[in-house]
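Counting starts at 1 for both ligands and their atoms, in listed order. Values below: all heavy atoms of this structure, side chains included; hydrogens, waters and symmetry mates excluded.
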Amino acid sequence: MLYTIVTFGCQMNVHESEKIAGMLENIGYSYTDSKEAADIIVFNTCAIREGAEDRALGNIGNLKRMKKANPNKIIAVAGCMTQQKQIAEKLFKTFPFIDIIVGTHNLYSLPILIKEKQEKNKRIFSNVESGEVCENVPVSRTSGENAWVNIMYGCNNFCTYCIVPYVRGREMSRKKEDILNECKNIISCGKYKQITLLGQNVNSYHAPDYENGNFADLLKSICRLDGDFKLTFMTSHPKDISDEVIEILASEDKILKELHLPVQSGSTKILKAMNRKYTREHYLYIVDKIKNKIPNIRLTTDIIVGFPGETEEDFNDTCSLIEYVKYDGIFAFMYSKRSGTVAENMPNQIPDEIKNFRVNKILEMEKQIQKKKGI
Ligand code: 5AD
Ligand code: SF4
């Protein structure tokens with residue numbers, strides 16, 4: 001029996017697909033890269049922007065013919081799209097050849113759902129509103145010498161543009177002991193040179209099993225593990241990165257000198273409308289502090305252009321911030337309206353042509369900076 005997985009979206013999803021792979025291998029499936037040959041195809045979807053949803057819809061729609069040719073092929077759809085009940089219901093209705101729909105909170109029940117589908121031969125729709133941290137999920141790692149390790153799930157920040165808190169739920173930190181055990185196993189198996197800690201906002205990690213077990217403490221404890229490995233982490237919310245974390249980033253040899261610090265906008269007015277809870281000045285204060293302590297730091301960021309109400313002046317503030325920070329890498333996105341978020345109903349939505357122009361300007365700036373740095 002063969003499986004394949006089609007993954008959309010961020011590193012969190014890439015790692016979640018490694019868990020899907022682990023679960024499927026555990027019940028006797030082997031990997032194939034061929035959708036034709038696969039007995040089960042799992043789509044791990046992303047909902048962060050409309051474009052990601054459209055790509056997933058296109059890919060799923062294309063399977064109609066394949067399912068007709070082989071009705072026994074199981075098609076399962078998981079991820080952030082299917083966690084939104086309305087979207088999940090629409091998918092189930094629109095694509096009658098989807099066999100299983102499962103949300104993010106109960107992804108770990110996928111093997112049971114597959115069994116149910118096979119035994120009862122009926123379509124399965126499974127979507128629950130909230131979940132708990134699930135340990136001991138088998139993982140089939142596919143990211144070369146890097147091993148992803150979740151330290152927390154969900155997000156409490158409710159940036160006004162973002163769907164993540166709605167599809168991933170509130171922050172839940174894993175136990176420090178479970179994280180350390182996973183890291184020890186990764187190091188001792190000898191296949192990986194790097195561990196990347198994952199969370200929507202790693203700086204607000206709080207160990208449920210240790211008093212004062214904050215993110216700085218976790219980083220220190222992982223660095224104390226024996227073995228030859230490098231450590232890095234993402235994503236850091238600028239409002240939560242502590243001096244202690246910056247200190248550890250500077251002093252621990254095992255931690256890579258790189259930091260992904262999404263700014264989103266260089267305009268304090270837009271940052272406020274985004275509910276980011278920092279100003280342009282405070283962000284730059286943090287950047288200066290980090291660069292003073294770690295002059296060779298590799299800084300990257302995320303930027304959204306065309307957030308509702310973004311004037312030319314606001315956009316110029318973003319450009320001047322980029323010019324000042326001189327990022328080593330920028331992920332620039334056009335604002336995409338997400339249903340259920342606060343920004344969805346904000347006035348002064350920006351036309352696509354302007355968003356396009358602004359995103360291209362940022363990509364051009366990134367190119368120029370990289371050229372000057374010789375990257
Ligand atoms: N539109 C555009 N970009 C978005 N992001 C999150 N939500 C949206 C949206 N609605 C971007 C942010 C975030 C990154 C992962 O995706 O920049 O940091
Ligand atoms: Fe979305 Fe903001 Fe949470 Fe990041 S911090 S996942 S942008 S709500």
Side-chain angles (χ1 to χ4, degrees), residues 7-16 45-55 79-81 83-84 87 104 150-173 196 198-205 215 233-241 259-267 270-278 283 286 299-310 315 318 321-322 325 327 329-346 349-352 354-356 358-360 362-363 366:
T7 306
F8 301 89
C10 64
Q11 285 80 9
M12 200 69 96
N13 259 20
V14 170
H15 183 40
E16 221 132 76
T45 61
C46 168
I48 198 97
R49 283 170 292 275
E50 204 180 345
E53 288 195 338
D54 289 347
R55 273 195 300 282
C80 291
M81 275 176 89
Q83 185 55 42
Q84 301 165 85
I87 296 196
T104 53
N150 279 120
I151 63 165
M152 59 192 302
Y153 303 93
C155 182
N156 290 351
N157 290 309
F158 290 92
C159 300
T160 53
Y161 50 81
C162 188
I163 193 86
V164 168
Y166 304 93
V167 291
R168 292 283 175 176
R170 296 299 74 73
E171 282 177 5
M172 289 186 297
S173 292
T196 304
L198 285 179
Q200 305 296 348
N201 180 14
V202 288
N203 291 277
S204 63
Y205 173 79
F215 184 52
F233 52 85
M234 63 172 58
T235 293
S236 295
H237 194 307
K239 79 177 167 59
D240 292 319
I241 190 159
L259 185 66
H260 186 58
L261 198 63
V263 66
Q264 313 297 0
S265 168
S267 149
I270 295 294
L271 288 170
K272 190 154 196 276
M274 287 175 162
N275 192 31
R276 290 291 289 176
K277 302 195 178 91
Y278 54 85
Y283 183 89
I286 297 167
L299 269 181
T300 54
T301 201
D302 292 343
I303 283 172
I304 297 177
V305 299
F307 184 81
E310 185 188 67
F315 177 65
T318 300
L321 182 137
I322 293 172
V325 179
Y327 292 103
I330 300 174
F331 299 90
F333 308 107
M334 290 189 268
Y335 167 71
S336 169
K337 222 186 216 192
R338 301 287 67 205
S339 162
T341 61
V342 173
E344 181 194 8
N345 298 315
M346 283 185 181
Q349 299 279 335
I350 307 295
D352 282 350
I354 296 183
K355 286 184 195 164
N356 230 316
R358 290 180 182 171
V359 89
N360 284 327
I362 287 181
L363 293 177
E366 183 195 25

**Q** Can you confirm whether the side chains of Asn203 and Ser236 place a donor and an acceptor under 3.5 Å from each other?
**A** yes
**Q** Under a 4.0 angstrom heavy-atom cut-off, which atoms of ligand 2 come close to Tyr161?
**A** 7 (S)
**Q** I want to know if ligand 1 touches Arg338 in the polar sense, i.e. an N/O pair below 3.5 angstrom.
**A** no
**Q** What part of Ile304, side chain, backbone, both or neither, has a heavy atom within less than 4.0 angstrom of ligand 1?
**A** side chain
**Q** Heavy atom under 4.0 Å from ligand 1: found in Phe333's side chain, backbone, both, or neither?
**A** side chain
**Q** Which of the numbered atoms in ligand 2 are under 4.0 angstrom from any heavy atom belonging to Cys155?
**A** 3 (Fe), 5 (S), 6 (S), 8 (S)
**Q** Keeping the roles fixed (side chain from Ser173, backbone from Met152), state whether a donor-acceptor pair exists under 3.5 Å.
**A** no
**Q** Would you indicate whether Lys272, at its atom NZ, is surrounded by more than 12 heavy atoms from other residues, nucleotides or ligands within a distance under 6.0 Å?
**A** no
**Q** Could you pull out, from Asn157, Asn275, Ile48, the option with a heavy atom nearest to atom 5 (S) of ligand 2?
**A** Asn157
**Q** Can you tell me if Arg168 has a non-hydrogen atom under 4.0 Å from ligand 2?
**A** no
**Q** Within the 4.0 Å heavy-atom shell around Gln264, which atoms of ligand 1 are there?
**A** 12 (C), 13 (C), 17 (O), 18 (O)
**Q** For Met334, is the nearest heavy atom under 4.0 Å from an atom of ligand 1?
**A** yes
**Q** How far is atom 18 (O) of ligand 1 from its nearest protein heavy atom, and which residue and atom name does that atom have?
**A** Asp302 OD2, 2.7 Å
**Q** Check ligand 2 against Pro165 and write out every atom of the ligand that is under 4.0 Å from a heavy-atom position of the residue.
**A** 8 (S)
**Q** Quick check with a 6.0 Å cut-off and a 45 degree axis cone: is Arg55 positioned over the face of Phe8's six-membered ring?
**A** no
**Q** Under 2.8 Å from atom 2 (Fe) of ligand 2, is there any N, O or S atom belonging to His237?
**A** no
**Q** Salt bridge check: are Glu50 and Lys355 linked by an N-O gap of less than 4.0 Å?
**A** no
**Q** For atom 2 (Fe) of ligand 2, grab the closest protein heavy atom and report residue, atom and distance to one decimal in Å.
**A** Cys159 SG, 2.3 Å
**Q** May I ask you to check if ligand 1 and Tyr335 share an N or O to N or O distance below 3.5 Å?
**A** no
